[in-house]
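Counting convention: from 1, in listed order, for ligands and their atoms alike. Note: hydrogens, waters and symmetry copies are ignored here, and every other heavy atom, side chains too, is used.
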Amino acid sequence: MPYLLTEEVYQVVNHDGKVVGQAPDLPGEDLIGLYRWMVLGREFSDRMLALQRQGRTGTFAPLRGQEASIGIAAPLQQEDWLMGSYREILAYFVKGVPLLSIMEDYSGYISANYPAEVRCLPMQIVLATQILHGVGLAMAMKYDGKPSVAVTVCGDGASSEGDFNEALNFAGVYKAPAIIVVQNNGWAISTPRHKQSATERIAHRGPGFGVPAYLVDGNDVLAVYKVMAECAARARAGNGPSLVEMITYRMGPHTTADDPRKYRPDEELEIWQQRDPLARYRRFLLDADMMTDVEDEQLHEDVVAEIQAAVEAMESLPPPDLNQHFDCIFAEPTPQLEQQRTEMLAEIGYAKS
Ligand SMILES: Cc1ncc(C[n+]2csc(CCOP(=O)(O)OP(=O)(O)O)c2C)c(N)n1
Ligand SMILES: [Mg+2]
């Protein structure tokens with residue numbers, strides 16, 4: 001089998017909205033379902049950004065432009081595992097993590113209050129660590145004879161970490177049922193993609209580790225879906241891991257603490273605005289007579305109402321217990337941790353109610 005499975009960037013619907021590949025064999029309602037998730041991702045991200053600006057939530061990492069990342073989780077089964085980073089929250093929603101849980105993560109509550117059955121690890125902030133966790137989980141499932149898959153997602157910047165490369169090596173050697181996805185959005189805060197690696201493609205790393213790799217248009221939800229479904233089927237059949245590079249773009253700031261205009265040319269953003277994943281998929285559905293403008297408007301209204309309900313639920317929670325952040329690190333806290341707890345709580349004058 002060739003190790004680089006797609007020489008060209010794989011697309012189903014190209015940048016101009018033209019259908020250039022075979023759409024996945026899904027009923028119409030599922031195709032609309034994918035669109036609803038994408039709309040939810042955009043509206044949720046924009047709302048969180050606004051809430052942060054109003055001082056109503058903490059630092060947030062917007063995902064505008066990366067909504068086709070729902071294609072990472074949509075073909076997965078309940079027993080499959082998913083672990084990603086701060087910008088993968090939309091895939092987490094698709095896997096079953098409630099909106100409120102992610103809002104809590106970003107608002108100072110104890111992290112990863114996720115239902116156990118959704119099989120998502122806490123979103124990872126330490127770059128690429130989750131790739132090792134994911135490959136380890138995949139190896140464990142293989143030893144247990146379970147036909148499940150562990151999907152682990154990171155960014156282009158994270159691909160330069162030792163953890164990323166070690167995880168790929170283990171995945172290849174042990175033929176782990178793992179899918180390692182890189183959302184290459186062009187930037188790692190202010191560091192451009194070309195400074196991460198001299199390889200033309202991040203996908204080219206896969207063959208070096210004996211891991212088959214795909215290159216996919218990360219703004220084409222149908223293409224992402226198809227590639228992920230194929231990788232999952234291969235892993236379930238005992239044929240081991242895959243590396244998937246999704247070419248996409250972060251349209252907004254890295255986080256609410258960043259101003260991309262300081263390091264990124266406006267023309268670059270303009271090019272990628274033309275490739276907006278949401279607009280492209282919307283056009284596809286309208287052209288195929290699967291959705292009308294009126295239905296689209298209704299769908300938007302429903303999504304905004306769902307987000308509003310989650311915001312109200314978040315804002316009616318009692319304030320977070322800041323002690324929990326220290327309690328959840330080790331079974332037995334270290335003396336250093338206790339010292340840090342005392343100092344931090346004294347600094348902010350915090351007393352547990
Ligand atoms: C090990 C480690 N080093 C540095 C950081 C600081 N940091 C946070 S996000 C980030 C950029 C990550 O870029 P990328 O992997 O491309 O993901 P993106 O933010 O673009 O989604 C850096 C350097 C960190 N969180 N972890
Ligand atoms: Mg990046």
Novice: Got the residues with a heavy atom under 4.0 Å of ligand 1, by chain and number?
Specialist: Tyr86, Arg87, Ile125, Val126, Leu127, Gly155, Asp156, Gly157, Ala158, Glu161, Asn185, Trp187, Ala188, Ile189, His254
Novice: Measure distances from the Mg ion (ligand 2) and count the protein N, O or S atoms below 2.8 Å.
Specialist: 3
Novice: Quickly, which of Ile70, Leu82, Leu90, Ile72 forms a side chain to side chain contact (heavy atoms under 4.5 Å, CB included) with Lys95? Name it, please.
Specialist: Leu82
Novice: Is the shortest distance from a Lys or Arg side-chain nitrogen in Arg64 or Asp46 to a carboxylate oxygen in the other one below 4.0 Å?
Specialist: yes
Novice: Is it true that Gln183 and Glu88 share a donor-acceptor pair across their side chains at a distance under 3.5 Å?
Specialist: yes
Novice: Hey, are Glu230 and Tyr214 close enough side-chain-wise for a donor-acceptor pair under 3.5 Å?
Specialist: yes
Novice: Can you run down the side chain to side chain donor-acceptor pair (under 3.5 Å) pairs that involve residues 284-294, sequence neighbours left out, and say none if there aren't any?
Specialist: Arg282-Asp293, Arg283-Asp287, Thr292-Glu295
Novice: Using only heavy-atom distances, determine whether the side chains of Gln52 and Tyr106 contain a donor-acceptor pair under 3.5 Å.
Specialist: no
Novice: Provide the closest heavy-atom pair for Ser85 versus Met123 in the form atom of the first, atom of the second, distance.
Specialist: O-CB, 3.8 Å
Novice: With sequence neighbours excluded, tell me which residues meet side chain to side chain contact (heavy atoms under 4.5 Å, CB included) with Lys18.
Specialist: Asn14
Novice: Strictly by modelled atom types, are Asp296 and Tyr35 linked by a side-chain donor-acceptor pair under 3.5 Å?
Specialist: yes
